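First the structure, in the form of structure tokens, and then the observations on it.
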Amino acid sequence: MNPANTSRTCSRCGHCAKDNRLTQAQFRCQACGHDAHADVNAAKNILRAGLALRDAAEAA
């Protein structure tokens with residue numbers, strides 16, 4: 001899985017923008033206002049993608 005943009009993508013609404021990542025540690029979605037630690041937000045996106053890959057592999 002390519003982790004590109006996982007720290008710029010909102011784990012709630014999926015909006016991806018450079019401006020979502022305010023600082024190294026702070027994430028705030030410009031679309032929905034979701035506020036979180038940037039690493040936690042990215043981890044949720046990576047987890048979601050990994051689970052989707054697992055589910056697709058199990059379905060095949």
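Quick caveat, the model's predicted, so the values are computed rather than measured. Numbers here simply count residues along the sequence, with the first being 1.
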Indicate every side-chain donor-acceptor pair of residues 35-43 with a distance under 3.5 Å to a residue at least two apart or in another chain.
{"from": "His37", "atom 1": "ND1", "to": "Asp39", "atom 2": "N", "distance (Å)": "3.1"}
{"from": "Asn41", "atom 1": "OD1", "to": "Ser11", "atom 2": "N", "distance (Å)": "3.0"}
{"from": "Asn41", "atom 1": "OD1", "to": "Ser11", "atom 2": "OG", "distance (Å)": "2.9"}
{"from": "Asn41", "atom 1": "ND2", "to": "Thr9", "atom 2": "O", "distance (Å)": "2.7"}

Does the Arg54 side chain pair with the main chain of Ala57, one donor and one acceptor, at a distance under 3.5 Å? no
To the nearest 0.5 Å, what is the distance between OG on Ser7 and NZ on Lys18? 11.5 Å
Does Cys29 reach the side chain of Cys13, with side-chain heavy atoms less than 4.5 Å apart? yes
Exercise: identify the closest heavy-atom pair between Thr6 and Ile46: CG2-CG1, 3.8 Å
Apart from Leu47 itself, what residues make up its hydrophobic cluster when side-chain heavy atoms of I, L, V, M, F, W and Y under 4.5 Å apart count as a link, directly or indirectly? Leu51
Non-hydrogen side-chain atoms of Arg28 and Asn20 separated by less than 4.5 Å: no
Can you run down the salt bridge (Lys or Arg N to Asp or Glu O under 4.0 Å) pairs that involve residues 7-16, sequence neighbours left out, and say none if there aren't any? none
Can you tell me if Glu58 has over 12 outside heavy atoms packed within less than 6.0 Å of its CD? yes
May I have the step-by-step check of side chain to side chain contact (heavy atoms under 4.5 Å, CB included) for Cys32 and Cys10, ending in yes or no? CA-CA 9 Å; Cys32 75; Cys10 181; 3.7 Å; yes
